[in-house]
Structure formats: C-alpha cells, structure tokens
Amino acid sequence: MTSNDYQVTGMTCSHCELSVREEVSEVPGIKDIQVSAQTGKLSVTADGDIDDAKVLAAVEEAGYSAVRV
C-alpha cells in the first residue's frame, strides 16, 4: 500500500470535503481517501503507485488547488 499527503487550499466545510472526495475517488487505484476542510489535509492510499498528477487534477476539478506535502 502507498500513501500520499496533499495540502488543499480553499476548503471551508463538509461540502468541500465531499466534492474533493468524489473527484479523487475516480482516480484509478485509489482505495482510501481522508480529507479535512479544517486542516486542509488530503491523504490518499492505493494498492500501487499513486499518480500525483491525476490526484491534483481531480482536486482542481472539484474547484480547489493542492500540492503534495
């Protein structure tokens, strides 16, 4: 299992968390998603390698920006 953490900018509520979770869940291979509007932290877990570009694109599709930490 591989895990990556990201810092997401712009989330303010549980609806924001849901939007990010829905978009990131569509990235192939992602098995678990933890997201917090309070801390701005997004953690994803996958069975294999995680494609950062796809995760970041999914966050952007949800309307936010992120960087890997």
Discussion item. The test is side chain to side chain contact (heavy atoms under 4.5 Å, CB included); show your working for Val35 and Met11 and say whether it passes.
Written reply: CA-CA 10 Å; Val35 60; Met11 294 189 300; 3.7 Å; yes
Discussion item. Starting from Leu18 and following side-chain heavy-atom contacts under 4.5 Å between hydrophobic residues (I, L, V, M, F, W, Y), which residues can be reached?
Written reply: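 Joined to Leu18, directly or through intermediates: none.
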Fill in: Ile50 side, atom CD1; Ile30 side, atom CD1 - distance, nearest 0.5 Å
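Taking CD1 in Ile50 and CD1 in Ile30, the distance rounds to 5.0 Å.
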Could you pull out every donor-acceptor pair under 3.5 Å between side chains of residues 51-63 and any protein atom, sequence neighbours left out?
unit_1, atom_1, unit_2, atom_2, d
Asp51, OD1, Ala53, N, 3.1
Asp51, OD1, Lys54, N, 3.4
Asp52, OD1, Asn4, ND2, 3.0
Asp52, OD1, Tyr6, OH, 2.5
Asp52, OD2, Arg68, NH1, 2.9

Which heavy atom in [X] sits nearest to a heavy atom in [Y], and how many Å separate them?
X     : Y     : result
Cys16 : Tyr64 : SG-OH, 3.2 Å
Val24 : Val44 : CG1-CG1, 3.7 Å
Gly29 : Ala46 : O-CB, 3.1 Å

Worksheet item: Could you give all pairs that pass the side chain to side chain donor-acceptor pair (under 3.5 Å) test and reach residues 35-48, with sequence neighbours left out?
Response: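 As it turns out, the side chain to side chain donor-acceptor pair (under 3.5 Å) pairs with a partner in residues 35-48, which skip direct neighbours, are Ser3-Thr45, Asp5-Ser43, Ser36-Thr39.
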Fill in: Within residues 9-32 or reaching into it, pairs that qualify as side chain to side chain donor-acceptor pair (under 3.5 Å) - sequence neighbours excluded
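Residue pairs with at least one partner in residues 9-32: Asp32-Gln34.
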